[in-house]
Amino acid sequence: MTRSELNIEKPKSKFMLMTIVLLGFFAVFTALYFYSQSLITIEAPKKELGEKIIIQLPSGKSVFTYENLVVKEDGKLFYKGERNTLDLTGGTIVYEEWE
């Protein structure tokens, strides 16, 4: 081999080595990123809703809810949920476990 042939081959081997090293670093950082994302969990705080109750309505239907979501105002019984309010006046509250 001549000197010019030796000099031509050296950059190719360095280029291949650098490519392999860079791909290895990229693979390691990608794996660490996805691993760290799997460790992060965001949970909503637990709300204390009270005991489970059943409200028997005069029409014979039942409403299954929690004690802290039912409010008595001015002699009326209301269910106050996150997005809605229902008038349950005339219903009787029964403290029972339901599933």
Fill in the blank from the handout: So CD1 of Ile20 and CZ of Phe15: to nearest 0.5 Å the spacing works out to 10.5 Å
Problem - Donor + acceptor pair across side chains of Gln56, Thr92 (<3.5 Å) - result: no
Completion exercise
Glu73 meets the salt bridge (Lys or Arg N to Asp or Glu O under 4.0 Å) criterion, sequence neighbours left out, with Lys80
Handout entry: Heavy-atom side-chain contact between Tyr79 and Val71 under 4.5 Å
Key = no
Completion exercise
Closest heavy-atom pair, Tyr66 versus Leu49, reported as atoms and distance to 0.1 Å, is CB-O, 3.2 Å
Exercise for the section: State yes or no: do Phe78 and Val70 share one hydrophobic cluster built from I, L, V, M, F, W and Y residues joined by side-chain heavy-atom distances below 4.5 Å, directly or via other members? Expected result: no
Problem - Main-chain N/O of Lys76 paired with Asp74 side-chain donor or acceptor, under 3.5 Å - result: no
Handout entry: hydrophobic_cluster_shared for Tyr95 and Leu88, side chain cutoff 4.5 Å
Key = yes
Handout entry: Residue pair Leu77 / Ile93, side-chain heavy-atom distance below 4.5 Å
Key = yes
Handout entry: Gly90 versus Pro58, closest heavy-atom pair with distance
Key = O-CG, 3.6 Å
Practice task
Indicate yes or no: at least one non-hydrogen side-chain atom of Lys47 is less than 4.5 angstrom from one of Glu82.
Solution key: yes
Problem - Cluster companions of Val28 among Ile, Leu, Val, Met, Phe, Trp, Tyr (side-chain spacing under 4.5 Å) - result: Leu32
Practice task
Report whether Leu57 and Ile53 are members of the same hydrophobic cluster (ILVMFWY, side-chain heavy atoms less than 4.5 Å apart, transitive linking).
Solution key: yes
Exercise for the section: Measure the shortest side-chain to side-chain distance between Ile55 and Val94 over non-hydrogen atoms and say whether it is less than 4.5 angstrom. Expected result: no
Practice task
Find out if a path of hydrophobic residues (ILVMFWY) with successive side-chain heavy-atom gaps under 4.5 Å connects Val21 to Phe29.
Solution key: yes
Problem - Ile42 CD1: over 12 foreign heavy atoms closer than 6.0 Å - result: no
Problem - Approximate separation, where rounding is to 0.5 Å, of Leu23 CG and Met18 CE - result: 11.0 Å
